[in-house]
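Worksheet: the structure to be examined is printed underneath.
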Amino acid sequence: MGDRRDVKRALARDDLHLNYQPIVEIRTGNPVSVEALLRGRPDDRRDWNVADVTQTAEQGTDIFQLDDWTVQQATRDAVQAWIKQAGLK
């Protein structure tokens, strides 16, 4: 990811996605939570490094748009997972 235009373009074209990583309690090995990792999919379809995405966004006000997008997407993903787990769809 090169500059702030790339962040704006990724937001406009929905070229972002979240990867979820479990947080595991070391003592028991049980998953206790999950963290969402922001990734981007540029035209060549390789994932961007999260540090590149956020560092570029922090250079301006784009970080606020990324924050909003991330919370909204994580919420949508959680609701979809709950619906699927409940067998409602």
Side-chain angles (χ1 to χ4, degrees):
M1 172 169 271
D3 60 26
R4 290 179 47 216
R5 288 181 303 235
D6 292 333
V7 173
K8 288 184 182 301
R9 193 174 316 118
L11 284 163
R13 294 189 333 194
D14 198 28
D15 281 345
L16 301 171
H17 67 280
L18 296 175
N19 288 346
Y20 295 95
Q21 177 172 299
I23 298 174
V24 177
E25 183 179 307
I26 298 290
R27 201 168 24 95
T28 64
N30 292 329
V32 294
S33 187
V34 66
E35 65 180 338
L37 305 173
L38 178 64
R39 298 289 188 256
R41 291 180 289 232
D43 292 332
D44 63 11
R45 311 318 284 175
R46 288 187 329 253
D47 282 355
W48 290 326
N49 182 323
V50 68
D52 293 340
V53 174
T54 55
Q55 185 178 43
T56 300
E58 286 173 345
Q59 294 172 2
T61 59
D62 301 324
I63 193 67
F64 300 114
Q65 289 177 285
L66 277 179
D67 286 347
D68 289 345
W69 182 91
T70 301
V71 170
Q72 291 172 10
Q73 187 61 47
T75 302
R76 281 191 294 270
D77 292 347
V79 169
Q80 288 175 355
W82 293 328
I83 289 171
K84 183 178 178 181
Q85 185 176 9
L88 300 174
K89 265 192 176 177

Mind listing the closest non-hydrogen atom pair of Y20 and A36 along with its distance? CE2-CB, 3.6 Å

Hydrophobic clustering (ILVMFWY, side-chain heavy atoms < 4.5 Å, transitive) - are V34 and I23 grouped together? no

Locate the shortest heavy-atom distance separating L16 from A10; write the atom from each residue and the value. CD2-CB, 3.9 Å

Nearest 0.5 angstrom please: L18 CG to R76 CZ, how far? 9.0 Å

Roughly how far, to the nearest 0.5 Å, is CD of E35 from CG of N19? 10.5 Å

Validation: residues 63-72 side-chain donor-acceptor distances under 3.5 Å, sequence neighbours left out:
unit_1 : atom_1 : unit_2 : atom_2 : d
T70    : OG1    : L66    : O      : 2.7

Under 6.0 Å from the CD atom of E25, do we count more than 12 heavy atoms belonging to anything else shown? yes

